[in-house]
Structure formats: structure tokens, C-alpha cells
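Side chains included, hydrogens not; waters and symmetry mates left out as well; all remaining heavy atoms used. What you see is a predicted model; the values in this text were computed from it and never measured. Chain A is the first sequence line, chain B the second, and so forth, proteins listed ahead of strands; every chain is numbered from 1.
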Protein chains: 2
Amino acid sequence: MNTEHRSGCPINLSLEVFGDRWSLIILRDMIFGGRRHFRELLNGSLEGIASNILADRLKRLMELGLLTKADDPSHKQKAIYSLTEMAITLVPIMAHLGAWGRVWLPVSEELSIRAELLEKGGPPLWEQFMDELRHEHLGLPAKTPPGTPGVRAQLQAAYEAVVARKAESATA
Amino acid sequence: MNTEHRSGCPINLSLEVFGDRWSLIILRDMIFGGRRHFRELLNGSLEGIASNILADRLKRLMELGLLTKADDPSHKQKAIYSLTEMAITLVPIMAHLGAWGRVWLPVSEELSIRAELLEKGGPPLWEQFMDELRHEHLGLPAKTPPGTPGVRAQLQAAYEAVVARKAESATA
DNA sequence: TACAACCGATTGCGAAATGCAATCAGATTG
DNA sequence: CAATCTGATTGCATTTCGCAATCGGTTGTA
């Protein structure tokens, strides 16, 4: 990890981590999209990240301590990327960024429904989501009873409902 | 303003605004440092921004609607930059970014005291600070009685107290 | 046992961004 | 009237970005 910093200001240091156009996009897709593999991140990216950029950022995020990499037992070539606690605690920042973007930027309806729900759910929902991520990525025991619908699943279902509604109204 | 976007995702669109190493630093210095002039931003920057980068980012932030520029009546060459409501509503994001950085990154004590106070003050303090910024930058009536110490002044005083204490303990 | 599809990357290369240094013309100050 | 300060601008070398093609190895299928 590079130890040369422009200053010891928390905002500056955070910016040195996220001050590029792709790092946070990758984390977004892992957190909200549930993606764990290189190809999932590469092909699932709405914004069309290039493979060399993805490889570079994954490496960088690992060096910074935001991700870890492990072998996939089902496939000798596959690597599974996991969020660390450091990355999981970005959920509130993601929620705020999404809320801000929803107010001030030309967001699309289907892609902002997640941000809307996350904003309405507030800190309690964020905590629940973070516990869910800790369970999935860090192997911690689940805090919700088995069978409880996960936060990501709820967000995904809401997204799909909007897409379905828009498709229906377009053909009606 | 450029209308070509990679996607309509709120987080992506926010990243298209802040996904560089300087834009948020400039806004930080305006919000927390109270800087309004080109030279103040240029020379006061801890991170040492170059003048051409500063000029470019100020222009870009104006095009994006985060800043406005006005003539300084006291000096025909001076320009005063003001935050818009769009920029003022970044305060909670700044607070979260600072709090996250304080936990996970090698921040310096004197530069993180502001983030600590902002975190402890929570949303009520953020709201008070935003009202203060609306008064200073948008000309809205102050919501606090005249004479009340401003949030920025409190943060600045706390910063200076830490600096003074560290200087004293160094010479003791 | 072929063979296509898929795996996580890597390389080449042109374009764009970065950042340092020097400079600018006009306004103000001493 | 000279020095300083104002918000920039320009030139230029370096670095970063990002698209396209490709890599060697693994897996599934016929």
C-alpha cells in the first residue's frame, strides 16, 4: 500500500481511495449486485468497465484493504472476491451518495428505486444490510432468522418491479 | 454541461461529478475553510493544487451547478465563488466520508478533529451548519440569533486547540 | 479426445488528464 | 511609479485512462 499521502485530512484520504471513476462502481456492484467474480463484474457492469481497468482496481482495492480474494473450490481458475469490514461500512456513504444523486442528477427511475428504498429505510435498514454483507462476505453468523428476505433481495425485487411496470405501460 | 452519462444510476452519476482527485477537495475548502477566492483556494490548499487544475475544476463545478461566481465589489479583479444549495447538501456526505476516513485511514489528529465533532454532532449539527452556509452563500436569513458562534468557527477553534496542545506538549 | 466456451487477467497503444513552471494583463498598494 | 496582488492561461513532460486484442489455462460437451 502506498504510504505517500497528500495530507492527513480524512476527506482527502477518503478521496485518495475513491477519487477515480471506477473503484466505487466496483464496490457498488459487489454490495448491491452481489457480484463476486471477475466476469460478473466485467459483464454485469452497466457502465462497461474494461477488463484491464477492472483488474487494476481489484488489485488496488485489495492492497488498500477493501477486498480479499480467495479460490473458488468449484473451479480452479475462479477467484471469489469478498468485501472486508472496511468496505461494508461504506454502505451509509453509498446510501447518502445515492440520495444526493437522486435529488440533483438525472437519474433513471428503475436505477434509483434502490437508492429511494435505502434512504427511506434509514440507518436501521443500512445496519441490517451491513449484517447481511458480513454474513455473506465475512462468514459471521446471520442475525436474522433463516428464511427472512434479505435487504439486497428486497432492493432487487423493487428494481425488477419498476422495470416490469415500465415495460407494461409501454406496451399498453 | 455534458449530458453524456455512463448510466442513470445515482451512485454512478454522483461519481461522474466527484470521481476525480480535486473537485471534492475544493468544495471541502470552501465549506469547512470558508474560502471564497481563487488565491485562497490555491494557496490555502494543504494538498497543493495547481492553478490550472483549480481553474479547470472551478469552471467545471460551475457548469455542474455546484458553484456560482460573482464580482467582488471591493476589488474589480476579485471573483467570489459561492456554494449553491446543491453543494451545501453535500455536508452530510462530507461528514460520513470524514467519519469513515477517521476509522480506516491514517488521518492526522489535528485534521480529524473537525470530522470527529461533525460526527458527534450528527444530523442536527449538519443542519445547523447547512443553514449557516445558506446564510453566507445564498443570502438567506440566519436562523440563529446574532452573536451565536457558527459551526465552522467552532470546528476551526477545536482544530486550533489541538494544534496548540500538540505544540505545547512538544516543547514541554 | 477434440473443441468451443469460459476463467482471470495482460499487453499495446492512442487519448486524455495531471501537475509543474513560467507567464499574462489589469488592479491595487506603498 | 514600482512592487505586489488579482484570477487566470500557456507550454510541456509525465502519468493515467480506457478500448481492443490477446494470453495460457480450465471446464463442459460431444
Handout entry: Note: A:R36-A:E136 ion pair, threshold 4.0 Å (strictly below)
Key = no
Exercise for the section: Answer with base, sugar-phosphate or nothing: what part of the nucleic acid does A:K69 contact at a heavy-atom distance below 4.0 Å? Expected result: sugar-phosphate
Problem - Residue pairs involving residues 41-53 of chain A (criterion side chain to side chain donor-acceptor pair (under 3.5 Å); sequence neighbours excluded) - result: A:R28-A:E47, A:E47-B:S7
Completion exercise
Applied to residues 26-46 of chain A, the ring-ring contact (aromatic ring centres under 6.0 Å, His included) test, sequence neighbours excluded, yields A:F32-A:F129
Exercise for the section: Would you list the pairs meeting ring-ring contact (aromatic ring centres under 6.0 Å, His included) in which at least one residue belongs to residues 133-172 of chain A, sequence neighbours left out? Expected result: none
Problem - Whether A:W126 side chain and A:T89 backbone form a donor-acceptor pair below 3.5 Å - result: no
Listing time: all N or O pairs from protein to nucleotides 16-21 of chain C that are below 3.5 Å?
| residue | atom | partner | partner atom | Å |
| --- | --- | --- | --- | --- |
| C:dT18 | OP1 | B:R57 | NH2 | 2.8 |
| C:dT18 | OP2 | B:R57 | NH1 | 3.4 |
| C:dT18 | OP2 | B:R57 | NH2 | 2.4 |
| C:dG19 | OP2 | B:W22 | NE1 | 2.4 |
| C:dG19 | N7 | B:N52 | ND2 | 3.2 |
| C:dC20 | N4 | B:N52 | ND2 | 2.6 |

Problem - Close residues, residues 28-41 of chain A, relative to DNA chain D [heavy-atom separation under 4.0 Å] - result: none
Handout entry: Lys/Arg-Asp/Glu bridge criterion (N-O < 4.0 Å) met for A:D131, A:R134
Key = yes
Problem - Electrostatic pair B:K78:B:E40 at N-O distance under 4.0 angstrom - result: no
Problem - Salt-bridge criterion met for A:K76 and A:D71 (N-O under 4.0 Å) - result: no
Practice task
Decide if atom NZ of A:K166 counts as having more than 12 heavy atoms of other residues, nucleotides or ligands within a radius under 6.0 Å.
Solution key: yes
Problem - Ion pair check, A:E116 and A:K120, cut-off under 4.0 Å - result: yes
Problem - Protein proximity profile, nucleotides 24-30 of chain D - base contact B, sugar-phosphate-only contact S, no contact -, cut-off 4.0 Å on heavy atoms - result: BBSS---
